[in-house]
Amino acid sequence: MANDLELVDVVKKFGAFTAVHGVNVAMPQGEFFSFLGPSGCGKTTILRMISGFIDPSAGAIRLAGRDLNGIGPNKRPTALIFQNLALFPLMSVADNIGYGLMVRGVAASERRKVVDRMLELIALKGYGDKRIDELSGGQKQRVAIARALAVEPKVLLLDEPLSALDLKLRQHMRHELRALQRRTGVTFIYITHDQGEALAMSDRVAVMSQGRIEQIGTSTEIYNNPQTAFVAAFVGENNALAGKVTAADYGYGAIETAFGKLRAANPRGMKPGEASVLFVRPERVRLAEAKAETGSDNVIESPVLDGVFEGPVANILLENLGSERPITVTLANDGATPRVSRGERRRVRFSPDDAILLPPAGAAHGAGGHA
Amino acid sequence: MSEAIRRFGAGGVAAILAGVAFWAIMLIAGPMLLMVDLAFRPYLPNPADVGGPLDVHTVSNFAKVFLDDLNWRVFVKTIYASITVTIISLLIGYPLSYILVRSTKSGWVGILMIGLLIPFWVNEILRTFAWQLLLARYGFINTTLTAMGLIDEPIQFTNTDFGVQVGLIYAYILFMIFPLYSTMESLDPNQVDAARDLGAPFWRIHWDIVIPHTKPGIASGCIVTFMLAAGSYVVPELLGGTRAIWFTKLIYLQFEAINWNLASAYGFTLVVLCLLFILLMMAVFRVSLKDIAR
Ligand SMILES: Nc1ncnc2c1ncn2[C@@H]1O[C@H](COP(=O)(O)OP(=O)(O)OP(=O)(O)O)[C@@H](O)[C@H]1O
Ligand SMILES: [Mg+2]
């Protein structure tokens with residue numbers, strides 16, 4: 001597949017402050033691509049550069065090989081969906097959807113056809129004459145998408161479009177957005193700080209921190225094989241045990257932590273003597289029976305701080321030596337969940353294959369950043 | 001209300017309310033009603049006749065106002081000139097307000113606002129005198145233009161309707177800018193960006209998004225500017241002299257002639273005709289009172 005949109009070494013500076021540090025991404029036509037990162041990491045800035053409202057300080061943005069530099073937002077084949085939707089309150093639903101076509105000089109009869117098709121696409125047939133303030137939150141959301149799609153953009157840019165909706169509707173709209181994207185085949189670039197949203201909808205996700213891309217990959221890659229401590233800690237729940245690498249061999253490494261020596265996968269090839277953090281997902285940690293054989297598993301023992309029942313799962317929190325963040329063990333509610341009492345010392349185990357050694361956050365940048 | 005009673009006591013609240021009522025009824029509504037009443041009574045030179053059998057309600061004053069051809073000419077001229085003043089104020093005020101609103105983020109807005117306001121710390125009469133100095137036959141503008149060789153003869157600005165209009169625009173433009181600014185400020189900048197993103201060129205964004213949103217501000221700015229221009233006395237007096245006469249001058253002349261009844265009829269006529277004109281314009285531009293109050 002041809003690369004549709006490319007960002008090459010894109011930098012954005014606001015005065016002395018660098019909001020985006022050399023971002024590189026390339027995405028094929030028709031991809032659902034998400035930028036995921038905490039507030040203030042530069043997501044909106046990237047989106048506004050792609051849509052043309054601000055210019056990059058350095059680097060290039062290309063669409064189908066054409067450099068977009070110097071082309072205004074009203075001339076770009078991109079459409080932006082604003083965080084607050086920015087529907088036009090003084091126009092009807094149909095006029096909102098048809099606005100892009102109207103300013104392009106498309107005849108009224110032709111326009112009406114497109115608007116009707118769009119209304120059908122977003123399942124709001126017959127809503128054309130309604131006023132915007134007569135719509136529910138989810139309906140407004142869909143009208144905003146229809147308004148953007150009506151001009152047949154090559155790339156649809158969405159800036160946290162679901163953040164204003166309540167939880168149920170948000171989950172429903174995830175499916176709708178994904179389905180809409182498949183049906184139209186338009187490249188979607190989706191911005192969010194909600195990792196569940198990003199993982200559930202995207203073909204690929206770029207995880208960002210402080211203006212840099214930490215890692216680009218599919219949802220599974222990001223979740224199962226984080227390349228930096230930031231990604232490991234930001235995406236999903238993760239237990240972190242800090243320490244110093246003592247040995248490294250054949251893709252594995254040993255780390256000396258407050259709980260003693262532990263073994264884990266070492267994909268970044270960390271060397272003995274280096275400071276490191278061991279990450280292991282709560283759902284990969286199991287309770288170890290009192291005197292049972294643990295084989296090559298890592299075993300740690302710590303007092304129970306709390307047990308939290310959450311319905312489908314139960315979390316057991318253990319004291320983490322040398323850190324305020326407790327160690328979480330997530331157990332599926334399969335009817336055989338053991339009872340634990342506060343203060344009791346429990347042994348837990350996890351396989352070295354389920355744990356990963358990474359440099360501490362902020363230690364080395366530029367591990368990711370290539371598509 | 002109960003909060004106010006707790007703070008000031010029942011007597012205190014009653015005193016405040018009484019004060020406000022006195023101010024509104026005796027000092028605002030009272031004199032106006034008195035003026036209307038005066039307008040419908042004949043002028044009686046002998047004070048002894050006032051309140052006597054001769055002092056009856058009549059429309060004779062209005063007959064005098066309406067039957068005089070000069071009155072009509074001055075009235076039409078006043079309305080026409082005030083419309084021009086209003087339109088030009090709008091044409092200057094709209095882009096200025098838009099620039100102000102768009103520069104709120106950059107911190108420039110404070111400086112621009114002060115720049116607009118400082119001249120208005122000076123009394124209206126003094127400001128108008130300043131314009132007289134600029135516009136006079138051998139004033140700043142004429143001497144500059146002559147020095148630059150652009151004109152041979154000084155242009156007559158003062159004592160013309162043009163000069164009066166320039167002065168009126170300067171005097172009242174803030175009354176246009178403030179309502180425009182405050183309605184424009186409530187427009188979500190994302191709306192402008194969204195229109196632009198959908199492909200709208202500059203002028204379409206204004207026509208489709210900014211102007212419809214600003215309509216209430218445009219309406220109230222225009223009404224206030226128009227009423228102030230049509231009812232201005234100082235500016236036409238100082239810049240128009242004896243040649244460019246405003247309707248307010250006619251009212252004043254009657255007061256000067258101690259014919260308060262006829263003067264009141266002139267004043268009442270001006271207010272009513274201006275109101276009718278505004279209602280007509282609101283109907284033409286489909287602006288409702290609700291819009292203006294928004
Ligand atoms: N016009 C600007 N001038 C100066 N700094 C800016 C400007 N726009 C953004 N920034 C800064 O750039 C950084 C990134 O901002 P951006 O809006 O891209 O964050 P974001 O990732 O979209 O965050 P959020 O999730 O809160 O929307 C922030 O620190 C912000 O303060
Ligand atoms: Mg943002």
Side-chain angles (χ1 to χ4, degrees), chain A residues 14-15 44 47-54 71-92 95-106 111 114 118 132 140 143-161 164, chain B residues 94 97-99 101-109 111 179-222 282 284-294:
Chain A
F14 294 112
T44 298
L47 216 60
R48 291 182 81 82
M49 285 193 283
I50 299 174
S51 53
F53 285 107
I54 52 178
I71 301 175
N74 49 356
K75 302 260 165 59
R76 289 194 187 194
T78 57
L80 178 59
I81 296 192
F82 293 77
Q83 189 155 355
N84 66 354
L85 304 183
L87 291 170
F88 306 133
L90 302 177
M91 297 183 197
S92 69
D95 287 349
N96 263 278
I97 297 176
Y99 186 74
L101 298 174
M102 184 177 78
V103 298
R104 281 170 173 71
V106 174
R111 220 155 63 211
V114 176
M118 282 297 148
I132 294 300
K140 281 184 196 158
V143 171
I145 292 166
R147 183 178 72 175
L149 286 176
V151 298
E152 297 187 353
K154 293 271 189 314
V155 181
L156 190 69
L157 306 159
L158 302 99
D159 191 353
E160 311 207 20
Chain B
Y94 180 89
S97 309
Y98 191 72
I99 292 168
V101 167
R102 281 257 133 170
S103 55
T104 36
K105 254 203 235 144
S106 68
W108 272 96
V109 69
I111 295 166
L180 284 181
Y181 176 81
S182 65
T183 42
M184 267 185 205
E185 206 188 15
S186 65
L187 177 66
D188 173 12
N190 283 342
Q191 299 252 321
V192 172
D193 284 351
R196 195 154 153 237
D197 191 56
L198 288 167
F202 174 79
W203 64 271
R204 278 229 78 131
I205 295 174
H206 282 273
W207 187 250
D208 296 330
I209 310 295
V210 186
I211 292 178
H213 177 90
T214 316
K215 203 165 143 188
I218 295 175
S220 52
C222 284
M282 280 168 63
V284 169
F285 289 107
R286 310 237 166 93
V287 182
S288 68
L289 276 176
K290 211 173 72 217
D291 286 336
I292 298 171
R294 195 169 75 183

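Reminder, nothing fancy here: chain letters follow the sequence lines and each chain counts from 1. All values below come from the heavy atoms of this structure, side chains included, with hydrogens, waters and symmetry mates left out.
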Mind listing the closest non-hydrogen atom pair of [X] and [Y] along with its distance?
X	Y	answer
B:Ala200	A:Asn74	O-ND2, 3.5 Å
A:Phe53	B:Asp193	CZ-O, 3.1 Å
A:Arg104	B:Leu198	NH1-O, 2.6 Å
B:Arg204	A:Tyr99	O-OH, 3.8 Å
B:Asp208	A:Met91	O-CE, 3.9 Å

A:Pro77: what forms a side-chain contact (heavy atoms from CB on, under 4.5 Å) with it, not counting sequence neighbours? A:Leu63, A:Arg66, A:Lys154
Tell me, for B:Asp188 versus chain A, whether the close heavy atoms (under 4.5 Å) come from the side chain, the backbone, both or neither.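 Interface part for B:Asp188: side chain.
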Out of curiosity, A:Leu80 CG to B:Arg196 CZ, how far, rounded to the nearest 0.5 Å?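 Here the rounded value is 11.5 Å.
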With A:Asp95 via salt bridge (Lys or Arg N to Asp or Glu O under 4.0 Å) - residues at least two apart: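 Salt bridge (Lys or Arg N to Asp or Glu O under 4.0 Å) check on A:Asp95 returns nothing, list empty.
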Proximal component of A:Phe88, with respect to chain B [non-hydrogen, under 4.5 Å]: both
Given A:Gly52, A:Gly100, A:Pro73, the one with more heavy-atom pairs under 4.5 angstrom with chain B than any other is A:Pro73
Let's test your reading of the structure: which of A:Ile81, A:Leu87, A:Leu85, A:Val151 forms the most heavy-atom pairs below 4.5 Å with chain B?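 The candidate making the most pairs under 4.5 Å is A:Leu87.
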Does the B:Asn190 side chain pair with the main chain of A:Ala86, one donor and one acceptor, at a distance under 3.5 Å?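 It does not hold such a pair.
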